[in-house]
Amino acid sequence: MHLTQEEEQFLNGEHGEVTARLFRLLVRLGDIYEADEMIPVGSVQVAGVSYKSVGDPGLAFLEDIADQEAKVKVLTFLNPAGMDLEDWKEIGFPKDFADHQLRIMDAFKRMGIVITSTCTPYLAGNLPRFREHIAWSESSAVSFSNSVIGARTNREGGPSALAAAICGRTPKYGLHLWENRQPTIQIDVEADLSFTSDYGALGYTVGKQVKNKIPYFTGITNANTDHLKSLGAAMAASGAVALYHIKDLTPEADLVETKRLEKITITQKDIDETYQTLSKGEEPDIVILGCPHASLREISLLAEKVKDKQLKKPVWICTSRMMKEAADRMGFTQIIEKAGGKIVADTCMVVSPIEQMGYKKTGVNSGKAANYLPGFCKQEVVYNNINKLIDKVI
Ligand code: F3S
């Protein structure tokens, strides 16, 4: 692999031992995927933030890097942590868990990483431009940035993203190259898609069928960005799809080659069956929305739905701290809290220890959360659209 003079200095330890160690990791990765050079990245998003995911070994690794005073070179955001970093006591997160989580956040902060903790960095102040090379980790954020924004990233692991942040580089391979961004299968959608959960069901269905391919969709005409983040998150979870194109909707769709693609059709029956597959129960003991993290529009929809009502079961909506601030200012937080619900920032239903908090049946409108909750959090899932979920707990 060709390395610049500065990159040779990274390897030789002239920029410190941590940089050398992490740059070696990037070079090894580049060698495996036959990259011929490194490219500068515009921003990084690091996963592996929740204490529930990284445990004590992850905490020790991060503290070691921070203790050696390594600093990131580019704007770097974090994936959700395991708890609301401000209201964790009030919501009931265990103290021991919180102590470890706060040490993880401190280590990241000492590296110069922005303590954002969100899987929707593009809504919270880290918005890449079209065709910008970035190194992001979280699968739904990777999908959104590649597909909806047209930025370029592989799905980084926690350590390779951290290495990209400290070195400001990533090896040039995979989805950084135009030839690898061409669709490999066409999906003709013949179904009525109205709710975010419909897009989650579509994403789950397609992901299961296409595994690792790059879908080119037709028949999706009026999806908004909330729908697209739900679609991409579910496809990434069920089929490791990191990039999709939608005819007349996503920025690279007009530029790619679509002749001679294998085609499959998704019908209303497929979507209905997925709702049934994902929903194992009827009565949730908690409803958690905001996977991926909720936009202000999604928070406002919940506020509208619960205004002047009283919830019989807990309802959370997970989001970034930035979005919660905006919701506070708009009065949405107050409406939701008056009804008995909660805007939970910095975390989500999958990476927080909800099973330790006594919850067993969770209602969600996200195909990704429905996919992960049974395995990661031992939850029985109730899958439906926001209206039907809230009706169950009012
Ligand atoms: Fe985000 Fe958690 Fe879903 S990280 S995409 S809210 S599982």
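One-based numbering, in listed order, for ligands and for the atoms of each. Along the sequence shown, the residues carry numbers beginning at 1.
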Practice prompt. Determine, step by step, whether Tyr173 and Glu34 satisfy the side-chain contact (heavy atoms from CB on, under 4.5 Å) criterion, reporting the C-alpha distance in whole Å, the side-chain angles of both residues, the deciding distance to 0.1 Å, and the verdict.
Written response: CA-CA 7 Å; Tyr173 72 95; Glu34 299 178 350; over 6 Å; no
Worksheet item: Rounded to the nearest 0.5 Å, how far apart are CD1 of Ile336 and CD of Glu304?
Response: 11.0 Å
Item to complete: Identify which protein N/O/S atoms are less than 2.8 Å from atom 1 (Fe) of ligand 1.
Response: Cys119 SG
Discussion item. Counting C-beta onward and ignoring hydrogens, is there a side-chain heavy-atom pair between Tyr383 and Val364 closer than 4.5 Å?
Written reply: yes
Item to complete: Would you tell me whether Asn146 and Tyr244 have side-chain atoms, one donor and one acceptor, within less than 3.5 Å of each other?
Response: no
Practice prompt. Compare all side-chain heavy atoms of Gln379 with those of Lys361 and state whether any distance is below 4.5 angstrom.
Written response: no
Discussion item. Less than 3.5 Å apart, any donor N or O on the side chain of Thr319 or His293 sitting next to an acceptor on the other?
Written reply: no
